[in-house]
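Down below is the structure, laid out as structure tokens.
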Amino acid sequence: MKFVFFGAPGVGKGTMSIRASQEFKLPHISTGNIFRAAIRDGTPLGIAVKSIIEAGDLVPDDLTIKLVRERLALPDVARGWMLDGYPRTIPQAQALDADAAGYHVIDLEVPDPVIIERLSGRRMCLHCGRSYHMVHMPPAVPGICDQCGTALSVRDDDAEDAIRNRLSAYRMLTAPLVEFYRERGTMITISAENDADTVWNELRSVLAALMEDPRQQK
Ligand code: AMP
């Protein structure tokens, strides 16, 4: 089955989609993680997107659509996928529609003040892509990723100016997708304001019910 994890920056798309990918054994595909790995490795893609991402702007659609198309052509997606952070614009959603039928959209919702607090306390493992929060979701050993032992970093785009830009890009370019998907009736909204375990329990039940429904087997 195919799932898109949707929501503003800081709602927990990364954390929830990684958990879902592990639980339901479907590949986790995060455009943000792909871009960050390219920046870390200094590839041509990384060089092209570095300043855009650090400023908190969106990478142009043509580049992002091509990247996801290539990723969704790999053989590990045969049973489905968990897309994290894509689509983020109407043209990206139209491109995904052209390539993939019957995907579900999980819309995670959190009030704005909670988003700012989450982003400013966030720490990330640039090796495996796992996110932490200094107060709400700290790693077992301070500053070290539980999963792979890499030292955690503050994302460049979690600086205050970049956070402001990311939220404004979300409102202008990404929020219109809520109507786009709601009209279609395939969007499931989950409040993600509570702690990660509470949100995960609700999300897991929603995903498990869809997985067990024979009408949804696509
Ligand atoms: P994320 O890790 O999903 O918050 O993404 C980090 C940054 O990568 C975003 O602020 C954008 O600059 C860029 N990015 C990730 N996904 C997309 C996308 N679907 N479209 C355009 N830019 C993206």
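All values derive from a computational prediction rather than experimental measurement. First listed ligand is number 1; within each ligand, the first listed atom is number 1. In this chain, residues are counted from 1 in sequence order.
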Examine the side chains of [X] and [Y] and answer whether a donor and an acceptor come within less than 3.5 Å of each other.
| X | Y | result |
| --- | --- | --- |
| Y181 | D107 | no |
| H136 | D195 | no |
| H104 | T186 | no |

Study note, to complete from the structure: Closest non-hydrogen contact found for Y132 with M137 is CB-O, 3.3 Å
**Study point:** Carboxylate-amine/guanidinium contact E160 R164, below 4.0 Å
**Key:**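 Answer for the salt bridge query: yes.
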**Study point:** Salt bridge flag under 4.0 Å for residues D97 and R184
**Key:**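 Yes, charged N to carboxylate O under 4.0 Å.
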What are the distances between nitrogen or oxygen atoms of ligand 1 and protein nitrogen or oxygen atoms, counting only those under 3.5 Å?
{"unit_1": "ligand 1", "atom_1": "2 (O)", "unit_2": "R36", "atom_2": "NH1", "d": "2.9"}
{"unit_1": "ligand 1", "atom_1": "2 (O)", "unit_2": "R36", "atom_2": "NH2", "d": "2.9"}
{"unit_1": "ligand 1", "atom_1": "2 (O)", "unit_2": "R155", "atom_2": "NH1", "d": "3.3"}
{"unit_1": "ligand 1", "atom_1": "2 (O)", "unit_2": "R155", "atom_2": "NH2", "d": "3.4"}
{"unit_1": "ligand 1", "atom_1": "3 (O)", "unit_2": "R88", "atom_2": "NH1", "d": "3.0"}
{"unit_1": "ligand 1", "atom_1": "3 (O)", "unit_2": "R88", "atom_2": "NH2", "d": "3.2"}
{"unit_1": "ligand 1", "atom_1": "4 (O)", "unit_2": "R88", "atom_2": "NH2", "d": "3.2"}
{"unit_1": "ligand 1", "atom_1": "4 (O)", "unit_2": "R155", "atom_2": "NH2", "d": "3.1"}
{"unit_1": "ligand 1", "atom_1": "12 (O)", "unit_2": "D57", "atom_2": "O", "d": "2.5"}
{"unit_1": "ligand 1", "atom_1": "16 (N)", "unit_2": "T31", "atom_2": "OG1", "d": "2.7"}
{"unit_1": "ligand 1", "atom_1": "16 (N)", "unit_2": "G85", "atom_2": "O", "d": "3.4"}
{"unit_1": "ligand 1", "atom_1": "16 (N)", "unit_2": "R88", "atom_2": "NH1", "d": "2.9"}
{"unit_1": "ligand 1", "atom_1": "19 (N)", "unit_2": "G85", "atom_2": "O", "d": "2.9"}
{"unit_1": "ligand 1", "atom_1": "19 (N)", "unit_2": "Q92", "atom_2": "OE1", "d": "3.0"}
{"unit_1": "ligand 1", "atom_1": "20 (N)", "unit_2": "Q92", "atom_2": "NE2", "d": "2.9"}
{"unit_1": "ligand 1", "atom_1": "22 (N)", "unit_2": "V59", "atom_2": "N", "d": "3.1"}

